[in-house]
Q: 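This is the structure, below, for whatever I ask next.
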Amino acid sequence: MNTRLLIIAHAPLAHALRECALHVFPDCWQEVLALDVPPHEAPEATLSAARALMEQQGEASVLVLSDLFGATPCNVAQRLVDGLQSRLVAGVNLPMLLRAVSYRSEPLDALVARALVGGTQGVMQVGAAAPQNQNRRPSHDQEKHHHQQ
């Protein structure tokens with residue numbers, strides 16, 4: 001059974017990320033869930049909605065992805081995963097989500113590692129003149145400052 005993914009983020013990010021995932025992987029519609037947190041909703045109401053989504057998943061393991069560590073969606077998600085067969089990763093981005101969807105059949109701990117790698121490898125500076133998917137030899141100046149990035 002595939003691990004389910006639950007995105008808990010500030011509205012409308014959770015549903016927007018889910019729609020992007022469905023664009024790439026239309027078959028994942030049952031396994032990727034989204035909970036948008038409205039600006040003035042009480043954390044208890046968000047937690048209640050999140051628990052309802054989790055209950056629908058039964059005994060399935062769940063990887064919860066949140067947008068910002070320390071913000072309400074992440075704080076709610078921390079309370080949600082406590083004691084469950086689930087993990088929480090904060091700082092969700094689209095590369096992270098797509099990597100997680102791609103490997104959702106792997107065990108939960110392996111999926112967490114894949115999601116983290118996807119999230120970090122998907123963030124990069126792109127030069128305007130460089131052709132896509134081709135490595136350019138860095139100039140001396142770029143090479144000199146590469147360790148600081």
Side-chain angles (χ1 to χ4, degrees), residues 1-127 130-136 138 145-149:
M1 178 180 226
N2 290 337
T3 298
R4 305 286 197 229
L5 305 170
L6 172 58
I7 308 161
I8 302 177
H10 292 90
L13 184 59
H15 276 89
L17 285 170
R18 181 179 187 272
E19 289 301 313
C20 290
L22 292 176
H23 177 79
V24 179
F25 298 100
D27 65 324
C28 75
W29 65 274
Q30 291 182 310
E31 296 163 323
V32 178
L33 309 168
L35 179 63
D36 283 316
V37 179
H40 302 292
E41 185 172 81
E44 290 303 322
T46 302
L47 181 59
S48 178
R51 284 185 174 146
L53 282 172
M54 291 287 276
E55 286 173 10
Q56 294 173 6
Q57 302 312 305
E59 297 297 315
S61 58
V62 178
L63 173 56
V64 180
L65 303 172
S66 182
D67 56 351
L68 185 63
F69 178 76
T72 299
C74 185
N75 294 339
V76 167
Q78 281 182 288
R79 292 174 58 193
L80 178 69
V81 301
D82 188 32
L84 299 178
Q85 183 183 348
S86 56
R87 301 289 184 278
L88 170 61
V89 174
V92 66
N93 60 27
L94 187 56
M96 176 188 292
L97 177 59
L98 295 179
R99 181 74 58 98
V101 172
S102 295
Y103 292 99
R104 65 191 183 273
S105 63
E106 291 191 3
L108 185 57
D109 288 333
L111 183 59
V112 169
R114 296 264 194 195
L116 290 170
V117 168
T120 56
Q121 287 181 348
V123 176
M124 65 190 78
Q125 180 179 354
V126 178
Q132 187 176 4
N133 295 325
Q134 293 184 13
N135 291 331
R136 273 186 30 196
H145 297 290
H146 178 72
H147 70 278
Q148 295 176 358
Q149 295 178 5

Q: Would you mind telling me which of I8, L88, L65 makes a side-chain contact (heavy atoms from CB on, under 4.5 Å) with C74?
A: L88
Q: What are the two closest non-hydrogen atoms of G119 and V123, and how far apart are they?
A: O-CG2, 3.4 Å
Q: Mark yes or no for whether R114, through its side chain, and V101, through its backbone, hold a donor-acceptor pair below 3.5 Å.
A: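 No, because the side chain of R114 does not come within donor-acceptor range (under 3.5 Å) of the backbone of V101.
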Q: From N93 CG over to C20 SG, what is the distance, rounded to the nearest 0.5 angstrom?
A: 11.5 Å
Q: Measure the spacing between CG of L53 and CG of L6 and express it to the nearest 0.5 Å.
A: 6.0 Å
Q: I'd like to know whether V32 forms a side-chain contact (heavy atoms from CB on, under 4.5 Å) with L22, so could you lay out the CA-CA distance, the side-chain angles of the two residues, the decisive distance to 0.1 Å, and finally the verdict.
A: CA-CA 8 Å; V32 178; L22 292 176; 5.5 Å; no
Q: Identify the heavy atoms of A49 and L35 that sit nearest to each other, and give their distance.
A: CB-CD1, 4.0 Å
Q: Working to the nearest 0.5 angstrom, can you tell me the gap between S66 OG and H10 NE2?
A: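 One finds 8.0 Å between OG of S66 and NE2 of H10.
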Q: Quick one: closest heavy-atom pair of M96 and A90, and the distance?
A: CE-O, 4.5 Å
Q: Which atom pair, heavy atoms only, marks the closest approach of A34 to H15?
A: O-CE1, 3.4 Å
Q: Using side-chain heavy atoms (C-beta onward) and a distance below 4.5 Å, is F25 in contact with L98?
A: yes
Q: When rounded to the nearest 0.5 angstrom, what distance separates CD in E106 from CG in L63?
A: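 CG of L63 is found 12.0 Å from CD of E106.
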Q: What distance separates L116 CG from R87 CZ, expressed to the nearest 0.5 Å?
A: 12.0 Å
Q: Please lay out, stage by stage, how V62 and L84 fare under the test side-chain contact (heavy atoms from CB on, under 4.5 Å).
A: CA-CA 9 Å; V62 178; L84 299 178; over 6 Å; no
Q: Are I7 and L97 close enough that some pair of their side-chain heavy atoms sits under 4.5 Å apart?
A: yes
Q: Say whether, by atom type as modelled, one donor and one acceptor occur between the side chain of D67 and the main chain of G91 under 3.5 angstrom.
A: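 Answer holds: no.
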Q: To the nearest 0.5 Å, how far apart are OG in S105 and CG in L111?
A: 8.5 Å
Q: Of the non-hydrogen atoms in D36 and A14, which two are nearest, and what is the gap between them?
A: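 In terms of heavy atoms, the two residues are closest at OD1-N, 2.9 Å.
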Q: Please find the pair of heavy atoms, one from C28 and one from A21, that lie closest to each other, and give the distance.
A: SG-O, 4.1 Å
Q: Is E44 salt-bridged to R51, cutoff N-O under 4.0 Å?
A: no
